[in-house]
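All of these numbers come straight from a predicted model, not from anything done at the bench. Lettering of chains follows the sequences in order, A, B, ..., and the numbering in each one begins at 1.
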Amino acid sequence: MIVETLTSPVILFFVLGFLAAMARSDLSIPEAFGKAMSIYLMAAIGIKGGVEVAKSGFTADLAAAASLGLALSFLIPFVAFWLLTSIGKLSRANAGAVAAHYGSVSVVTFVTAKEILTGQGLAPAGYMVAVLALMETPAIISGLYLARRGEIKQSTDHTGSSMLHEVFTNGSVVLLVGAFVIGLVAGEDGFAPVKPLFDTGFRGVLCLFLLDMGLVAARRLVQSRAISARLAMLAIGLPLINGTIGVIGGTLIGLDVASTAALGVLAASASYIAVPAAMRMALPEADPGIYLSMSLGITFPFNVIFGITIFATLAQALG
Amino acid sequence: MIVETLTSPVILFFVLGFLAAMARSDLSIPEAFGKAMSIYLMAAIGIKGGVEVAKSGFTADLAAAASLGLALSFLIPFVAFWLLTSIGKLSRANAGAVAAHYGSVSVVTFVTAKEILTGQGLAPAGYMVAVLALMETPAIISGLYLARRGEIKQSTDHTGSSMLHEVFTNGSVVLLVGAFVIGLVAGEDGFAPVKPLFDTGFRGVLCLFLLDMGLVAARRLVQSRAISARLAMLAIGLPLINGTIGVIGGTLIGLDVASTAALGVLAASASYIAVPAAMRMALPEADPGIYLSMSLGITFPFNVIFGITIFATLAQALG
Amino acid sequence: MIVETLTSPVILFFVLGFLAAMARSDLSIPEAFGKAMSIYLMAAIGIKGGVEVAKSGFTADLAAAASLGLALSFLIPFVAFWLLTSIGKLSRANAGAVAAHYGSVSVVTFVTAKEILTGQGLAPAGYMVAVLALMETPAIISGLYLARRGEIKQSTDHTGSSMLHEVFTNGSVVLLVGAFVIGLVAGEDGFAPVKPLFDTGFRGVLCLFLLDMGLVAARRLVQSRAISARLAMLAIGLPLINGTIGVIGGTLIGLDVASTAALGVLAASASYIAVPAAMRMALPEADPGIYLSMSLGITFPFNVIFGITIFATLAQALG
Amino acid sequence: MIETISRKRIEILMDTPLVPRLIRYVKDADISGWSLIHIDSGGGRNGEWRHDDVTGAAAKTILLAVANETKAQALIDRIAPILESHGLLLLVGDVEVVRGERF
Amino acid sequence: MIETISRKRIEILMDTPLVPRLIRYVKDADISGWSLIHIDSGGGRNGEWRHDDVTGAAAKTILLAVANETKAQALIDRIAPILESHGLLLLVGDVEVVRGERF
Amino acid sequence: MIETISRKRIEILMDTPLVPRLIRYVKDADISGWSLIHIDSGGGRNGEWRHDDVTGAAAKTILLAVANETKAQALIDRIAPILESHGLLLLVGDVEVVRGERF
Ligand SMILES: Nc1ncnc2c1ncn2[C@@H]1O[C@H](COP(=O)(O)O)[C@@H](O)[C@H]1O
Ligand SMILES: Nc1ncnc2c1ncn2[C@@H]1O[C@H](COP(=O)(O)O)[C@@H](O)[C@H]1O
Ligand SMILES: Nc1ncnc2c1ncn2[C@@H]1O[C@H](COP(=O)(O)O)[C@@H](O)[C@H]1O
Ligand code: NA
Ligand code: NA
Ligand code: NA
């Protein structure tokens, strides 16, 4: 299975980007093109997820997966925080910021997993897109709580409510949820006329987007002076632990194997869009060099190349 | 019919963008992506219109629709100017600028109408694209005439001829007309190899573009401190009046129902790309806050959500 | 055949862009969109070439074409340098810089030729993409050698090795070669899921990209104060000479007619991406106005509109 | 000859996520407006960054604000304490303006 | 040590559609060149705007021109009367340049 | 009131392909950092150019670096000889900074 994964064009384009940046090539994807692809991918998975749920209806599985996803996003930061302060020797602020990243999720990792798994006959349920959207933000609250707990309330002009507003109106959450609802409302028939764009082109766009992510991840890794060997190890250990928790949880609540694997990938993945921006605003004393190097430079490539296969295998073993 | 319209993904994405901006989400579409989609859409409708006319040939209907479109674009500003100065209490300069916007047309409104109408079995004729292109600029001349009439010639360094040059080499006019001619020359057979891009992806791209337009329209509405309740009412009244004129005209000259509805939408729509730029250059004393809030913040959403259905219903009633 | 070429939408869009810029229209393609299309086109031709070679295997033809391509890229600058100094009256530095451009290749010219030829039943072999990639850089080395030969070594802080690094990690070379290898590894089956994007949309994207190139080429031509009538003539003479050399060479080593025509086009084409940047760095005393006006303003349009047909006809006559 | 008045030209380089907060400070200092200048990339003691990073995590922006001495000082006083912790760069120069009363 | 000469550094912030007209004024003042600086967004008395607005209707740009005192004054005199009506912002600072004769 | 220190604000306009070389010079002069400002288009004695040219052949960029007098002078001395041949534009202004020790 790992061989199939590694010879899929989607992954090969990621590897190409990674190697190009490592060789210090000047290859680069214009920022606007990268953002355009990411908007396309989120709209596409959102609407396709909504159409599938419109077909299958709201099931008990959906509710169970959603609750478990929420719980994972809230709780994983506590595990991560403990490891990051004890093993990783990070300060409270830095540990809280990193923990928030690992509790939240990476949309691209999920999309890549969905494609790879589907290509191997393991298509996750449509509602997993909703679970993805639900898992994006709770971790931010846990991470901030962990970082600030016990401290004299810092003189910050971010009241809780403005922070919450920013978290819930975050562009990617709005787009994912909005497109999901559009898929629900439009249903199979309404989706048909726009299907050519959102379905046919999907895998190809994902290739080019992963090319970009490969460049970005490797450039981040090259810049990673700030992180110690311990932190580098944790950037591989944390996804293994979190993903395993996710797979066990999914199996226990009785999800199908494919959705369980997807939940494992979600738990293992670390945010590198919504959470870094939120941390930069709410925890400016935390060092972006640390959390970006770990989540983007190490965990993301690890998950895309190995993690997906690992959690799929685990889900099949337990399922 | 309004229900069908409102559950179409194309419109739902517009609503999503609108609501996201109202909730002050940070969702945003990179400028270059928005411009790219708009270039794609104009090239696609231009070439498809040309291919259709290559099939149907130059008919009397085409000539009649083109003449009526030109006349509407020239004359609507006079009606609008009168209402804007009398009811709207605007100065000559502001009224002339706003009037030019309402005489000209909105490409996106037209494209959306075409998709929605076609989806309901009411496909407008291919030559309506040519009518669209013809209607873009005459209103600019009328609007400037109305604003400047009777005044001592302002010391402006824009000679008439340089203004005319800018109007006729305006990017969107050149692209629409150019792609139309390409469609004419290439015909059905020449179009076949490029059809996959320009046809298959069209509706999906329109969804993402309307998401962007929703964001832009709502942000403009939020910024609209400059406009009074009277102006807000006119921003709904003018499209209703102009659209009705367009539908009656189309029916009188004997266009088919679908093309008549499209002509109504064109008459009702207000420019927010070519005309604002022209007004900023030629009438700098007019307040952009007024014309953008009216055309983009109010009239555009009104037309997309209600206007299309209204004028289609009217065209069917009269036709 | 020239009529077929001139009524193909691909070429018509180029002409549209060219005329729009000549008429000083403000039509413009956002930079990020242009770069995005160029990345897409390179990834697409790379991967498709790789898939074809995966099918056909590494043949003697491939090796022969590759060697001939390398030789042409190394040697054409010597011919060009001689003509540019004798007839063109250029200084060593300017002649070396221009010669490097004509030894290297233009990706867009190749892609356009491939589409036009394929549309006329003359599909070049898949390995020609590899030849294209091989021909991009050797000419840079020849051009620099010619410009610097015999001079006291200029105090430049570009050591040869850093220059070589920049040349071989050049973004377009990395992307072309990388996508080619991905196509080789993935093969027909691995390519299937991403084929819709990279194949179906290809010609349409090429249309929009050539629209952009038309604008850029004409704007460059308008800015061409620096070049004399002699240089303008050489900008047409050089592609004719180089293309003829390429076609004769291809025929002699026994390539099929279509690949021979493609090799002619490659030899005739002049770089305007990789080489200008390299010359600006390594030969700052050479005048960019000269090499860009010649390669982009004159040779590129000439090749796209006439050259492709000329070399195809020549290849058929000799083949 | 047109009369001009002296004003302060303030540039603040910051991580893009901090922009809304800094705009709040500009408004608090009663400064009449601001403009955000696009920067593509840069480098400093904390390594290099480039804007064309789809995550947006490392993007930076320059906020430009023109103000009179008093308002400029109010803004500087507000920002100085967080310069180090938030990784800001603050430059203040002199410019002459026409229409000076608006600043 | 390299010798430097004092020149004026002029920045004009304007609505993008006005750029061609302002470039004409720069040329009329016999100034040797100009550069347009990309700004992403901003705010002032007339509300906020952002560049990523597909209509382009609200985009703004900064024109940067370096010139000697005389030419700078000519440009300022030409622009000052339309500053208010066209909503321009004009800043003039001092810079030292090498190769000063070209400005 | 916050104390400020005088520093040099250096702007270098150059063809984009030359950026890596100029960054090397900035580092050689021991300057703590730099930022690249995006410019969209411009014009001078050698004609006009615009950034939205897919070939990238004519793109230009402004490098902004803040440094103390000594380091600024070192950079200027390094660049002055190639100003003409490489078509660079060099502007040096004065700014006040907080956190001045870092430059
Ligand atoms: N004090 C200021 N400093 C910097 N930019 C300003 C300032 N005032 C206005 N601007 C810019 O000029 C634009 C128009 O200003 P206004 O006419 O006041 O709305 C604003 O949107 C800003 O981009
Ligand atoms: N006086 C000036 N002020 C601002 N920018 C300039 C000036 N002169 C030249 N430039 C910029 O430098 C580039 C090259 O100038 P030149 O070498 O004169 O063609 C121009 O395209 C402008 O972007
Ligand atoms: N001396 C400087 N001149 C101009 N920009 C600087 C300078 N130092 C730092 N910067 C900018 O500020 C960012 C953060 O700097 P630092 O905190 O030193 O990593 C850099 O990436 C540059 O974009
Ligand atoms: Na996670
Ligand atoms: Na209208
Ligand atoms: Na060549």
Side-chain angles (χ1 to χ4, degrees), chain A residues 21 27-39 41 93 101 106-108 154-158 162 166 171-172 209-213 215-217 219-220 222-226 271-293 295-296 300, chain D residues 10-31 34 36-63 65 71 74-90:
Chain A
L27 180 60
S28 80
I29 310 285
E31 182 196 358
F33 184 32
K35 290 216 174 122
M37 290 192 287
S38 122
I39 287 167
L41 292 173
H101 286 72
S106 149
V107 176
V108 190
Q154 279 235 347
S155 82
T156 166
D157 28 26
H158 257 284
S162 92
E166 267 151 22
S172 61
F209 191 68
L210 280 172
L211 174 68
D212 192 6
M213 290 302 302
L215 290 165
V216 169
R219 284 194 181 123
R220 172 56 55 184
V222 168
Q223 291 289 327
S224 307
R225 313 182 200 152
S271 169
Y272 43 78
I273 300 193
V275 181
M279 291 301 124
R280 203 71 197 95
M281 275 190 295
L283 268 182
E285 65 271 36
D287 180 353
I290 297 178
Y291 49 72
L292 287 174
S293 300
S295 72
L296 187 55
F300 177 71
Chain D
I10 306 163
E11 285 171 301
I12 307 166
L13 186 148
M14 76 200 91
D15 285 6
T16 304
L18 293 173
V19 166
R21 183 183 297 197
L22 269 287
I23 289 178
R24 214 157 52 229
Y25 296 163
V26 168
K27 288 179 179 164
D28 289 351
D30 195 32
I31 294 177
W34 72 91
L36 297 185
I37 297 179
H38 190 90
I39 47 178
D40 283 328
S41 64
R45 295 159 312 166
N46 297 309
E48 310 194 355
W49 63 273
R50 24 200 301 175
H51 209 281
D52 67 353
D53 166 342
V54 70
T55 72
K60 292 180 200 288
T61 302
I62 291 178
L63 184 151
K71 294 178 182 176
L75 181 60
I76 298 170
D77 289 348
R78 180 70 194 79
I79 292 175
I82 61 166
L83 270 184
E84 194 65 49
S85 67
H86 289 53
L88 311 176
L89 208 76
L90 174 65

Highest number of heavy-atom pairs under 4.5 Å with chain A: which of D/G87, D/A59, D/G47?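 If we count pairs closer than 4.5 Å to chain A, D/G47 comes out on top.
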Using side-chain heavy atoms (C-beta onward) and a distance below 4.5 Å, is [X] in contact with [Y]?
X	Y	answer
D/L88	D/I79	yes
D/Y25	D/I82	yes
D/V26	D/L63	yes

Nearest 0.5 Å, what's the CZ-OG distance between A/F33 and A/S28?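 Rounded to the nearest 0.5 Å, the CZ-OG separation comes to 11.5 Å.
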Top residue by heavy-atom pair count (under 4.5 Å) with chain D, among A/P276, A/A274, A/A277?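 Going by pairs under 4.5 Å, I would pick A/A277.
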Can you tell me which portion of A/F209 sits under 4.5 Å from chain D's heavy atoms? Options are side chain, backbone, both or neither.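 Only the side chain of A/F209 comes within 4.5 Å of chain D.
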Residue A/M213 versus chain D: region with a heavy atom under 4.5 Å: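 It is the side chain, since no backbone atom gets that close.
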